[in-house]
Amino acid sequence: MLAATAARAAAPAADPGTEQLRRLLTLARSGEFHLVLDLPAHELRLVLGGVDLRRFPCEGIAVATPRRLFRAAAPVADWTDRTWTGGAADPEPERERVEMIPQPGNTQAADLPPPPPPPSTYRIRFADGLDLQVVGADAPPPAPGLGERLALLTGRDVPRLRVRLVLSRTDLEELYRCLPPDVAFAVIGRPGA
Amino acid sequence: MMVRAIGLGLAGIAALGLALVLVGTGYQEHALQAAPAAPATPERARVERALADRVPKGPYIVIDQARNRLEVRRGGEVVIEAVCSSGSGMVLREEGGQGRQWVFDTPRGQYAVKSKLKNPVWRKPDWAFIEEGVEPPADPGDRIEYGALGEYALYFGNGYMIHGTLYERLLGRSVTHGCIRLGRDNLAAVYRLCPVGTPIYIF
């Protein structure tokens with residue numbers, strides 16, 4: 001028993017890259033949808049069971065922290081070394097359920113209007129203070145509005161870290177439409193100096 | 001007059017201060033460059049293998065409901081790409097009777113082909129009658145419909161199938177009762193390529 005404990009203590013810690021892969025393996029075995037941001041490949045992936053379902057190439061990735069009174073918080077050191085959970089789109093996708101009216105030769109589904117267009121920018125908000133801000137490559141990144149600045153001042157409902165992903169307009173819309181509820185998020189690769 | 005001027009001056013200073021505070025509040029971006037990958041280790045290689053083993057070795061089906069696209073992939077390569085139709089998301093409520101309700105969504109998640117049928121016969125469920133304002137028949141024989149599902153069906157559980165359609169003009173739109181519809185040629189190709197047990201990923 002003591003020998004086993006000593007052996008564990010003596011074992012070298014796995015490198016962070018291997019730990020990241022272990023987290024992906026755990027997510028793959030969970031059977032739940034998750035997002036993986038591959039920093040070296042510059043892409044976001046929607047994954048289920050270890051299979052990449054969709055890849056969203058990122059034209060830009062930027063990390064930002066809240067700044068209050070001209071003082072910015074330091075980046076969250078371990079943001080690439082953990083699994084973020086409870087991800088949900090903000091604003092939430094509008095899902096209006098249309099009720100079918102019984103009638104002979106029912107073709108109402110074919111007459112449904114197309115879903116409303118996704119917003120031009122949105123966030124995927126995770127528990128514990130990470131926001132993925134998704135913006136289109138064809139539009140300037142939005143500046144925080146007055147409400148958001150006031151929220152930043154008070155520190156209420158503010159992410160500790162914001163990761164901005166710049167996607168093509170098509171990918172931005174398709175990610176919004178296919179985003180599963182309560183999605184998890186993990187990272188491959190590490191930001192350099 | 002003097003008091004009013006002082007008041008206006010104080011209000012101006014306060015407004016300027018607030019504006020300054022708000023300007024100094026926002027987000028600060030930090031440079032982000034991917035660090036070089038760590039050198040390979042036996043443990044890392046083992047975890048990479050375990051991850052790679054999660055991807056099916058044979059063909060597997062990926063269905064994107066947002067785009068109404070179905071792909072059959074093998075070894076990471078797309079071998080069939082087809083326009084499909086997925087669930088409409090509509091709701092049907094039964095007036096009177098048992099007051100049942102159906103939501104015509106295609107389920108998301110991981111499934112597998114459980115059985116394959118040639119020339120499948122559709123045993124119309126109750127909702128297929130109720131949506132047409134007709135009482136479901138008591139005689140099971142009155143539920144049988146030939147040809148509605150096309151030439152093949154791949155059943156993946158809970159009443160859901162990948163099957164054909166009489167309405168190919170609607171492919172690419174979310175119009176089904178939850179099943180996945182394919183065009184004739186693509187359905188035949190998927191049927192040929194995907195044995196029972198083929199994993200299906202729907203998102």
Side-chain angles (χ1 to χ4, degrees), chain A residues 14-18 21-22 24-25 28-29 31 33 39-40 42 46 48-51 53-54 61-73 75 95 97-100 102-106 108-110 112 143-144 146 148-150 152-153 162 164 174 177-178 180 189-193, chain B residues 20-39 41 43-44 47-48 50-56 60 62 64-67 73 76 88-95 102-104 108-110 130-134 167 170 173-177 199 201-203:
Chain A
D15 73 281
T18 304
L21 293 174
R22 278 210 188 101
L24 295 196
L25 191 56
R29 287 173 175 155
F33 288 99
L39 289 174
H42 263 245
L46 176 63
L48 176 64
V51 172
L53 303 178
R54 269 299 303 269
I61 303 173
V63 173
T65 50
R67 187 184 66 225
R68 294 184 189 93
L69 303 173
F70 299 97
R71 271 190 32 198
R95 184 77 199 255
R97 294 280 185 192
V98 177
E99 191 157 337
M100 196 177 262
Q103 57 186 239
N106 204 321
Q108 288 162 70
L112 282 177
L146 181 63
E148 195 174 356
R149 285 179 203 269
L150 287 171
L152 279 164
L153 264 181
R162 192 196 66 191
R164 176 183 289 154
E174 288 174 358
R177 288 208 172 103
C178 76
R190 304 177 64 74
Chain B
L20 244 162
V21 165
L22 289 176
V23 165
T25 303
Y27 288 94
Q28 179 74 50
E29 292 207 349
H30 305 272
L32 179 71
Q33 291 168 331
T41 62
E43 176 59 7
R44 187 188 176 99
V47 181
E48 278 174 343
L51 261 174
D53 284 346
R54 304 290 306 180
V55 179
Y60 59 99
V62 176
D64 178 345
Q65 293 189 68
R67 293 192 305 149
R73 300 182 195 168
S88 68
M90 291 186 84
V91 177
L92 175 65
R93 288 194 175 84
E94 181 181 26
E95 298 290 332
W102 293 269
V103 180
F104 297 131
R108 292 172 186 240
Q110 192 175 340
I130 290 166
E131 75 170 6
E132 301 212 330
V134 178
Y167 309 101
L170 296 179
R173 296 175 58 186
S174 302
V175 294
T176 80
H177 298 89
Y201 302 85
I202 305 177
F203 69 103

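Here the structure is a predicted model, which means the values were calculated and not measured. We name chains A, B, ... by the order of the sequence lines, and we start the count at 1 in each one.
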So, taking the atom named [atom1] in [X] and the one named [atom2] in [Y], what distance separates them when rounded to the nearest 0.5 Å?
| X | Y | atom1 | atom2 | answer |
| --- | --- | --- | --- | --- |
| Tyr201(B) | Leu53(A) | OH | CG | 8.0 Å |
| Glu174(A) | Arg67(B) | CD | CZ | 5.0 Å |
| Ile130(B) | Met100(A) | CD1 | CE | 12.0 Å |

[X] versus chain A, the contacting section by heavy-atom distance below 4.5 Å:
| X | value |
| --- | --- |
| Val62(B) | side chain |
| Asp53(B) | neither |
| Thr41(B) | side chain |
| Leu170(B) | side chain |
| Tyr60(B) | side chain |
| Val103(B) | side chain |
| Glu131(B) | both |

What are the two closest heavy atoms between [X] and [Y], and how far apart are they?
| X | Y | answer |
| --- | --- | --- |
| Val47(B) | Arg22(A) | CG1-N, 3.8 Å |
| Leu25(A) | Ala50(B) | CD2-CB, 3.7 Å |
| Arg177(A) | Ala66(B) | CB-CB, 3.7 Å |
| Leu21(A) | Arg44(B) | CD1-CG, 3.9 Å |
| Phe33(A) | Gly109(B) | CZ-N, 3.7 Å |
| Val175(B) | Ala110(A) | CG1-CA, 3.9 Å |

Toward chain B, the part of [X] with a non-hydrogen atom under 4.5 Å:
| X | value |
| --- | --- |
| Arg164(A) | side chain |
| Arg162(A) | side chain |
| Pro104(A) | both |

Glu99(A), CD atom: more than 12 neighbouring heavy atoms under 6.0 Å: yes
So does [Y] get a backbone contact from the side chain of [X], meaning a donor-acceptor N/O pair under 3.5 Å?
| X | Y | result |
| --- | --- | --- |
| Arg54(B) | Val51(A) | no |
| Arg108(B) | Cys178(A) | yes |
| Arg149(A) | Thr25(B) | yes |

Based on non-hydrogen pairs under 4.5 Å, which of Val134(B), Leu92(B), Val91(B), Val55(B) is most in contact with chain A? Val91(B)
With a 4.5 Å cut-off on heavy-atom pairs, point out which of Arg93(B), Gln110(B), Gln65(B) contacts chain A the most.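 With the most close heavy-atom pairs to chain A, the winner is Arg93(B).
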Most contacts with chain B, counted as non-hydrogen pairs under 4.5 angstrom, among Val98(A), Thr65(A), Leu152(A):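 Going by pairs under 4.5 Å, I would pick Thr65(A).
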Derivation of the side-chain contact (heavy atoms from CB on, under 4.5 Å) call for Phe203(B) and Leu48(A): CA-CA 9 Å; Phe203(B) 69 103; Leu48(A) 176 64; over 6 Å; no
